[in-house]
Structure formats: structure tokens, C-alpha cells
Amino acid sequence: MSLIVQKFGGSSVRDAQRIRNVAGIIAETYLEGNDVIVVLSAQGDTTDDLIAKAEEINPHASKREMDMLLSTGEQISVALCAMALEGMGLPCVSLAAWQVGIRSTGVHSDARIKRIDHERIQAELDQHRIVIVTGFQGVDRSGDVTTLGRGGSDTSAVALAAAFRAELCQIYTDVDGVYTTDPRIVPNARKLDEITYDEMLELASQGAQVLHNRSVELAKKFRVSLEVVSSLERKPGTKVKEVTKVEKTNIAGVAKDTSIARIALIGLQHNPGVAFQVFDLLSKHDINVDVILQSIGREDTKDITFTVHKKDLEEAEEILNTNKEALRFHHIEADEHIGKVSIVGAGLMSNCGVAAKMFEALYEAGINIQMINTSEIRVSVLLDEEDVNRAVKAIHAKFFDEI
Ligand code: ADP
Ligand code: ASP
Ligand code: MG
């Protein structure tokens with residue numbers, strides 16, 4: 001008997017019919033003789049609708065209360081799915097993350113899973129029950145409900161798969177696998193049979209929302225067999241693994257991220273310790289910083305430009321302005337209308353022609369690059385937000401349509 005973790009995303013549990021469909025997939029896996037832990041997201045647009053409700057009441061609601069609200073979406077899904085399975089005569093139990101003991105840090109809206117208690121789930125599995133757990137959430141040291149960041153249910157699933165040493169973790173979604181780019185933007189994007197953890201991690205971190213980036217990080221760390229499959233069609237999906245058979249002659253994919261904003265601190269002192277002061281301050285407020293660019297110092301001043309998540313922009317500006325005297329900068333420039341497009345591929349950096357090909361595609365499309373950032377297996381460019389989709393199409397065509 002094997003243990004299988006199956007996660008179903010929001011569109012897969014959107015309405016009663018989809019929940020019955022999901023219950024059918026779970027039932028089949030269970031009746032084949034497997035132990036099954038199911039992780040569910042909130043139905044359809046529930047999370048967005050809850051955010052809109054909160055904004056109507058108080059646009060500056062605390063992150064703790066937001067978590068209290070948003071965590072209810074997943075609770076609805078698990079109860080409804082359990083009811084569907086009960087209706088089929090199958091033994092099951094739905095559990096919220098606090099009932100399981102999915103222990104997380106206390107960083108509301110962006111918590112990390114620290115460990116998962118085994119007792120409750122194991123007791124249910126021992127009773128041959130299908131266990132249906134709320135994704136996207138945890139419980140912190142004070143017993144408060146936390147959430148793991150948008151798309152975090154994937155991470156709940158992989159964390160459970162790692163904690164219970166599952167044979168397989170299946171991420172069921174509305175696409176039948178990982179594609180060379182978002183098939184909603186480029187309809188002729190190609191499905192990948194397999195992709196390495198490292199490539200998937202970069203794609204997910206750079207905005208390919210098909211998997212939550214931390215889920216891939218955990219899968220790599222704990223060697224979880226991970227698979228992205230369609231909940232609507234029965235066909236093979238994409239396997240995410242340590243090494244792939246395919247020889248790397250091309251990039252794995254193109255990702256875009258329009259959830260970022262750019263902050264420029266103009267006229268900082270050109271002294272040692274300035275960058276440390278700025279980023280230490282932001283990190284103490286749990287604000288993650290991504291692409292960083294420092295200008296060449298001139299006349300004893302320099303500028304530092306970096307990106308943050310759009311949701312953190314207001315808070316970041318506030319913190320920096322509050323500390324303006326200590327940081328000694330002239331002024332802040334902020335821009336919300338930017339986006340990032342990235343190409344990812346193992347071995348990319350050992351082939352400098354790849355970056356040139358990306359820049360050529362942008363040049364041909366008449367798109368201006370604002371900042372460039374690279375890792376060993378990635379090249380990212382910052383652009384005007386309105387150029388992002390066009391850039392994805394042009395770059396994808398350059399790498400995948402030309403011979
Ligand atoms: P779920 O609700 O199941 O978690 P998501 O909406 O979070 O689903 O993720 C699936 C979506 O991710 C797809 O509908 C697709 O538009 C988008 N996507 C972005 N990049 C990719 C990619 N490289 N491959 C497949 N899907 C992608
Ligand atoms: N419901 C949450 C969201 O919409 C978590 C998830 O779906 O993974 O972001
Ligand atoms: Mg998702």
C-alpha cells in the first residue's frame with residue numbers, strides 16, 4: 001500500500017460538479033488500495049472575493065485578521081469534499097491545518113511551515129480514512145491561524161508529502177502540466193514531460209504560478225516525487241525531478257511576474273554600510289527584496305534601485321521615509337507599473353548566446369529593458385508592465401518557433 005498526496009487547486013473545486021469530479025479521482029486512488037491525503041484550495045475566486053470583502057470594511061486591515069478571514073475559504077472546500085466522499089460511502093475526515101498541527105512561523109500572510117505533527121493524520125490513516133486537509137495555512141506558536149502566501153496550497157501538499165514520506169505528490173490543476181510558458185499567453189506553448197527541481201524553482205519564483213515556489217523548494221530538499229496533472233482530463237502530466245533525461249539544448253521556459261514594484265532611493269551617501277542599512281531595515285519588517293541595482297557613485301552620492309512585491313510597496317516606502325534621516329537619501333521614486341520576464345534553463349549561463357538571443361527578441365519587438373538580473377540558470381529583465389505579455393510572446397517565439 002502506498003501513500004499518495006493529491007492537491008486540487010481552486011478551479012478544480014470551483015462548484016459542486018467539480019467537487020464531485022475531484023471526489024471521483026480521490027475515490028479511485030483510495031479504492032486502488034492507497035492511503036490518501038488530500039489538500040484543497042479555496043473554491044474558484046473565493047480568496048479574491050474575501051480580499052475584496054475585507055477591503056470594503058477596512059483597506060488597512062491587519063495581516064492577522066486577513067489570515068483569519070482568508071483561511072475560511074479552504075475550510076469550505078474540505079468540508080464540501082468530505083461530504084461528497086461521504087455521499088459515495090467512503091470513510092473520510094476533513095481537517096483544518098490547526099487540527100492537524102501544521103506548525104508555521106508567525107509571519108501573517110507569508111508564513112513558512114516549520115513542522116507537521118503526525119498524530120492526528122496518522123490516527124485517521126490507521127482507521128483507513130481519506131484525510132482532507134485545508135491548504136494554504138498553518139498555526140503559529142500562539143495558536144493563531146496563518147497563511148502561506150498566494151498559491152500556498154501547493155506548499156501544504158508537498159510539506160505533507162515530505163512529512164509522511166508519500167510515494168507521490170500530485171498537483172491537480174486546470175492545465176495538464178508545466179508548459180514552456182503560460183499557455184494562456186502563448187497558446188502554442190509546449191508541454192514538458194519533465195523538468196528539474198532547479199528549473200521549476202526558478203520558473204515558479206519568477207512568476208509561473210502553476211506551482212508555488214516554496215513547494216518546489218521543499219520537494220527538492222526532501223526529494224518528493226512531484227507531478228503536475230490535469231483534474232479535468234486524464235493524460236500524463238509533468239514530472240518534477242532531480243535530473244531529467246532530456247538533453248538541454250534549449251531553455252526550459254519563459255516566466256513573467258507583474259506582481260512587483262520598483263523603488264529607487266536617490267542620492268544616498270557613497271559610504272560603506274549604506275546598502276546594509278537599507279536592506280537590513282526592510283528585512284526586519286519582513287519585506288522581501290528582489291532585483292537590486294546600485295548606480296556608480298558620483299559626487300559622493302549613489303542611487304540604489306530594487307524591486308519588492310506590489311503588496312509591500314506602501315509599507316516599504318513608509319519605513320524608508322520614516323528612516324530618511326538615518327539613511328540620508330534625497331528622495332524616493334516608486335513605480336508600480338513594471339514587470340519582469342525571465343528565461344530559465346540548466347546550463348544557460350555556460351552559453352552566453354542565450355542571453356543575447358533573449359535581448360535580440362526584445363530589440364526586434366521594440367521593447368526597452370530597464371534592469372537585467374541573472375542567476376546560473378536564469379536571465380531576467382525588468383520592463384514596463386504594458387510590454388510584459390508582448391515580451392513573453394516574442395521571447396518564446398525566438399526560442400521555440402525558430403529552428
Ligand atoms: P490552481 O488553482 O490549480 O492552483 P493556478 O491558477 O495557481 O492553479 O495555476 C495554474 C495556472 O498557471 C494555469 O492555468 C496557467 O495559466 C498558469 N501558468 C503560468 N505559467 C505556466 C506554465 N509555465 N505552465 C503551465 N501553466 C502555467
Ligand atoms: N486559496 C489560496 C489562493 O488563492 C491558496 C491557493 O489556492 O493555493 O492563493
Ligand atoms: Mg495555484
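Whatever order the structure lists ligands and atoms in, that order sets their numbers, starting from 1.
- Listed here is the closest heavy atom pair of S230 and Y172: O-CD2, 3.5 Å.
- Looking at ligand 2, you'll find an N or O of G151 within less than 3.5 Å of one of its N or O atoms.
- The protein heavy-atom contact nearest to atom 9 (O) of ligand 2 is R150 NE, 2.7 Å.
- Look at H212 and you'll find every heavy atom at least 4.0 Å from all atoms of ligand 2.
- Summarising the contacts of atom 22 (C) of ligand 1 with Y179, Y172, F8, the nearest heavy atom is found in Y179.
- In terms of polar-atom proximity, defined here as any N/O pair under 3.5 Å, S12 makes no such contact with ligand 1.
- Near G152, the atoms of ligand 2 lying under 4.0 angstrom from a non-hydrogen atom of the residue are 5 (C), 8 (O).
- Side-chain N or O atoms of N323 include one that pairs as donor or acceptor with a backbone N or O of I319 at under 3.5 Å.
- Counting all heavy atoms, side chain and backbone alike, A157 lies closest to K7 at CB-CB, 3.6 Å.
- Remark: among candidates R14, M200, Q209, K7, the nearest residue to atom 4 (O) of ligand 1 is K7, based on non-hydrogen atoms.
- Residue, atom and distance of the protein heavy atom nearest to atom 14 (O) of ligand 1 are R184 NH2, 2.6 Å.
- Under a 3.5 Å cut-off, the side chain of K310 and the backbone N or O of T258 do form a donor-acceptor pair.
- Ion pairing between R214 and D110 holds under the 4.0 Å rule for side-chain N and carboxylate O.
- A side-chain N or O of E202 and one of S375 form a donor-acceptor pair less than 3.5 Å apart.
- A distance-only check finds no donor-acceptor pair linking the side chain of H108 to the backbone of S62 [under 3.5 Å].
- Looking at T181 against ligand 1, only its backbone comes within 4.0 Å, counting heavy atoms.
- For atom 13 (C) of ligand 1, the candidate residues are V210, D174, L211; the nearest heavy-atom contact is made by D174.
- In the vicinity of V178, heavy-atom distances shorter than 4.0 Å reach the ligand 1 atoms 24 (N).
- Side chain of T155 to backbone of S215: a donor-acceptor contact under 3.5 angstrom is found.
- Proximity of V175 to ligand 1, defined as any heavy-atom pair under 4.0 Å, is confined to the side chain (atoms from C-beta onward).
- An N or O contact shorter than 3.5 Å links D182 to ligand 1 by distance.
- Counted by atom type alone, S109 and T147 present zero donor-acceptor pairs between their side chains at under 3.5 Å.
- Considering both main-chain and side-chain atoms, E74 comes within under 3.5 Å of ligand 2 through a nitrogen or oxygen pair.
- With hydrogens left out, the protein atom closest to atom 3 (O) of ligand 1 is T173 OG1, 2.6 Å, a heavy atom.
- Between D126 and Q122, the side chains place a donor N or O and an acceptor N or O closer than 3.5 Å (distance only, hydrogens not considered).
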*Please lay out, stage by stage, how V145 and V139 fare under the test side chain to side chain contact (heavy atoms under 4.5 Å, CB included).*
CA-CA 5 Å; V145 174; V139 58; 5.7 Å; no

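- Closest heavy-atom contact between T238 and V178: OG1-N, 2.8 Å.
- Checked by distance only, ligand 2 and D154 stay at 3.5 Å or farther apart across all their nitrogen or oxygen atoms.
- Residue P183 places a heavy atom under 4.0 Å from ligand 1.
- Under the 4.0 angstrom criterion for non-hydrogen atoms, G73 is not in contact with ligand 2.
- Nearest to atom 25 (C) of ligand 1 by heavy-atom distance, out of A208, G177, A204, is G177.
- Here S153 has no heavy atoms under 4.0 Å from ligand 1, in either its backbone or its side chain.
- With respect to atom 2 (O) of ligand 1, the closest heavy atom belonging to the protein is G10 N, 3.2 Å.
- Taking every heavy atom of both residues into account, S94 and A82 meet most closely at CB-CB, 4.0 Å.
- Closest to atom 7 (O) of ligand 2 among all protein heavy atoms lies S41 OG, 3.0 Å.
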